[in-house]
There are 2 protein chains.
Amino acid sequence: MIGARVAKGTRLRCEGDESNALFYVADGWLAVSKSLEDGERQILDFILPGETYDPTAADGRTSFVEIEALSDAVVVTTDRAVWARLLRHYRDLWDAESLRDIAAHARQSERMLRLGKCSAETRVAYALIELCLRLSACATPNASAFHVPLGQQQLVDFIGLSSVHVCRTLRRLARQGIITTGDHMNITIHDVAALADLAGVDLAVLRAEIIPSVA
Amino acid sequence: MIGARVAKGTRLRCEGDESNALFYVADGWLAVSKSLEDGERQILDFILPGETYDPTAADGRTSFVEIEALSDAVVVTTDRAVWARLLRHYRDLWDAESLRDIAAHARQSERMLRLGKCSAETRVAYALIELCLRLSACATPNASAFHVPLGQQQLVDFIGLSSVHVCRTLRRLARQGIITTGDHMNITIHDVAALADLAGVDLAVLRAEIIPSVA
DNA sequence: CGTTCAGTTGAGTTGCTTCAACCCGTGTGG
DNA sequence: CCACACGGGTTGAAGCAACTCAACTGAACG
């Protein structure tokens, strides 16, 4: 189990020597992504402080994703086998992890639905809401204004639209007074209800599905 | 633990009394999907014989998906707590499940990438390849010809395009001699290489990532 | 023989992308 | 201190991929 500081922008290697590794993020944001040969990239999920991610593919050896630090971060690397033993022994840990797993899975599913079936506006609105929910769950209690440590390019890769169109859509939302964007992706949501409406979600339901509760 | 025969087309309830349930599919195909209020539906994954699925959301109570039997099926319903205990006690079971989990996760990620970034042709090709791989792994050793127990509508909900466009794309592939479609979604892949090429995947790599190996 | 329903095809439309120009804050070297 | 280049974000215009609408086919069934 090795803790390490990683600088913003660093790509974490998940293959070769480091295989069978599993990441625990102590601080900072990571992005998990996959890319095509032509350079197109899709961000699959963000990893927030306190969460773990296992990048191992089904063959148990290689990784199927790329992981990148979106901010300076502190990442702990653990051997999968060791981690598994811990999970088996400590009931609480197991429960907590299983909850986080479920939440991650639910989030990914929700995103797939939007990706496959929704308009640009809905997709953008949904992404903002998801980020807002996750952030307010882990840090700020204030639900409406938050800072996203992402460039537009990352947001774009997350949403799955062209940067041009994402930009347009954000501006439209801003013009409608639903959000304000400051410098460097400081986003303030003024009208959460309107945004949730555009995203086609019920805020309370979504939170229950997506955010690991301490039940 | 209750085993039950379910007829093709049945919707499995995952809420209320049946909450905290987890499904093991002994026989037949299930589809896991999510839908929008407007009726649009996205199929998130298929569950094949021998696989399990936990439809529980992060609040531990409600479900966040709909599950439907695509064929007549035999489904075993288990309490999550009981299942968790089994997993903790039987190391082999835990390993196998964790492998399946990883594979499912890798599949879903791969699909998200296609959903967000790829053309219709690529998405259709990829879907066919994935189905083919999974089927040939679990049943037919013959990789090229297989029967998909799906109507076009299901395939459409899986791929995330309009039925019209999926149809066109399939016909185009057929005209190019890459596949043949028989009655009721009997699909034969004549040129796996060409299809993999269109899908933008390396067949061997994909198999390693997506299919739980018995390693 | 008529009805129904899944799949197929054509024609017109739209939403997103692409391309290209531009703006502006930041860093850099003369 | 100014000139300049640079990169991220914004905007306009044009193109194209996928969607919608609508008509048709053919198999399945009473």
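The sequence lines fix the lettering, A, B, ..., with proteins before strands; numbering per chain opens at 1. Keep in mind that what you see is a predicted model, and the values were worked out from it rather than measured.
With respect to A/Asp72 and A/Arg5, no salt bridge is recorded, no charged nitrogen being found less than 4.0 Å from a carboxylate O. Salt-bridge formation is detected for the pair B/Arg41/B/Glu68: a Lys NZ or Arg NE/NH1/NH2 atom is positioned less than 4.0 Å from an Asp or Glu carboxylate oxygen.
Taking atom CD of B/Gln152 as the reference point, atom P of C/dT9 lies 10 Å away to the nearest angstrom. In this structure, B/His165 atom NE2 and C/dG10 atom C1' are separated by 14 Å, rounded to whole Å. Rounded to an integer number of Å, the gap from B/Lys117 NZ to C/dC16 P is 14 Å. A straight line from CG of B/Leu173 to P of C/dT8 spans 12 Å, rounded to a whole angstrom. For the pair B/Ile179 CD1 and C/dG7 C1', the computed distance is 14 Å after rounding to whole Å.
Put simply, the residue from B/Leu36, B/Leu161, B/Leu115 that forms a side-chain contact (heavy atoms from CB on, under 4.5 Å) with A/Lys117 is B/Leu36.
In terms of polar N and O atoms assigned as donor or acceptor, the side chain of B/Arg168 never comes within less than 3.5 Å of the base of C/dG7 in a complementary pairing.
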message: Applying side chain to side chain contact (heavy atoms under 4.5 Å, CB included) to B/Val25 and B/Phe46, what does each step give before you reach the verdict?
response: CA-CA 11 Å; B/Val25 182; B/Phe46 298 115; over 6 Å; no
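A residue-by-residue look at A/Gly116 and A/Val164 shows that A/Val164 has its nearest nucleotide of DNA chain D further toward the 5' end.
In the 5' to 3' direction, nucleotides of DNA chain D lying under 4.0 Å from heavy atoms of chain B begin and end at D/dA18 to D/dC21.
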